[in-house]
Amino acid sequence: GIQVEQSPPDLILQEGANSTLRCNFSDSVNNLQWFHQNPWGQLINLFYIPSGTKQNGRLSATTVATERYSLLYISSSQTTDSGVYFCAVVDDMRFGAGTRLTVKP
Amino acid sequence: ETGVTQTPRHLVMGMTNKKSLKCEQHLGHNAMYWYKQSAKKPLELMFVYNFKEQTENNSVPSRFSPECPNSSHLFLHLHTLQPEDSALYLCASSQYQNNEQFFGPGTRLTVL
């Protein structure tokens, strides 16, 4: 099956900083999602982005399917952005190990 | 609120107990999923149902028994579990299999 790798595994930021999270996948994909898991375990949909770029407020994502990666950008980070960010190859229902983001006030 | 609900939210059970987890989706979707999330491990797909038919069983032990009576409801029946089965169990749904998924809040299970 497809391998999904996320980097970095951990990220600590000061409030207001920007960050880029990366998701690499080992084969071509048709459907890719980004999620934010809050401290209570709820997985919140951020983007469904098989290719191209999408933006939602301070967050944006870009998937370059031919290069087999996707990026999640968080700008002007807030403490409420803390949590674990997962990318998932929906074709295979396979998740990466996540990036744990901590935003300090 | 994603339109996917799970009950109970927390469950503590002994190894000899029988319990069931329930998932309900109000999105009109046709596919439903069970995932397991153990501490410090990625989410692992357990089962997939598409139009009430099981289409994926990811080598899950038989002590986990899924049931999908209709496209809106999904159950996971538990019996004779082991302590290592303690985890967060997440349900998801999508319009069709392999489409954008929406997750419920999860059931945090502890097996004593």
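Small disclaimer: the values here were computed from a predicted structure and weren't measured. Letters A, B, ... mirror the listed sequences (proteins, then strands); counts begin at 1.
The hydrophobic clustering, which links ILVMFWY residues whose side-chain heavy atoms are closer than 4.5 Å, places A:F25 and A:L46 together. Placement of B:Y35 and B:Y49 in two distinct hydrophobic clusters is found when ILVMFWY residues are connected by side-chain heavy-atom separations under 4.5 Å, directly or transitively. Connection of B:V12 to B:V111 is not established within any shared hydrophobic cluster, with ILVMFWY side chains joined at heavy-atom distances below 4.5 Å, either directly or through further cluster members. In this structure, B:L109 is a member of the same hydrophobic cluster as B:M46, with clusters built from ILVMFWY side-chain heavy atoms closer than 4.5 Å. Follow the hydrophobic side-chain contacts under 4.5 Å out from A:V90 and you never reach B:F51; the two are in separate clusters.
When heavy atoms are compared at a cutoff of 4.5 Å, A:D91 approaches chain B solely by way of its backbone atoms N, CA, C and O.
For A:D92, the salt bridge (Lys or Arg N to Asp or Glu O under 4.0 Å) partners two or more places apart in sequence, or in a different chain, are A:R94.
Residues from residues 77-101 of chain B that place a non-hydrogen atom less than 4.5 Å from a non-hydrogen atom of chain A comprise B:L88, B:L90, B:Q97, B:N98, B:N99, B:E100, B:Q101, given in numerical order. Near-neighbour residues of residues 51-77 of chain A relative to chain B, defined by a heavy atom under 4.5 Å from a heavy atom of that chain, are none. Contacts from residues 36-44 of chain A to chain B, taken as heavy-atom pairs separated by less than 4.5 Å, involve A:Q37, A:W40, A:G41, A:Q42, A:L43 in sequence order.
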Open item on the list: Run the side chain to side chain contact (heavy atoms under 4.5 Å, CB included) test on A:F95 and B:Q37 for me, step by step, so that the C-alpha distance in whole Å, both residues' side-chain angles and the decisive distance to 0.1 Å come before the verdict.
Closed with: CA-CA 11 Å; A:F95 281 69; B:Q37 187 179 27; over 6 Å; no
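Of all heavy-atom pairs spanning B:P42 and A:G96, the tightest one is CB-O, 3.7 Å.
For A:E5, the CD atom counts as loosely surrounded, since its 6.0 Å shell holds 12 or fewer non-hydrogen atoms of other residues, nucleotides or ligands. No more than 12 heavy atoms of other residues, nucleotides or ligands shown are found within 6.0 angstrom of CZ on A:R100.
Of the inter-residue distances, the one linking B:L43 atom CG with A:M93 atom CE reads 13.0 Å to the nearest 0.5 angstrom.
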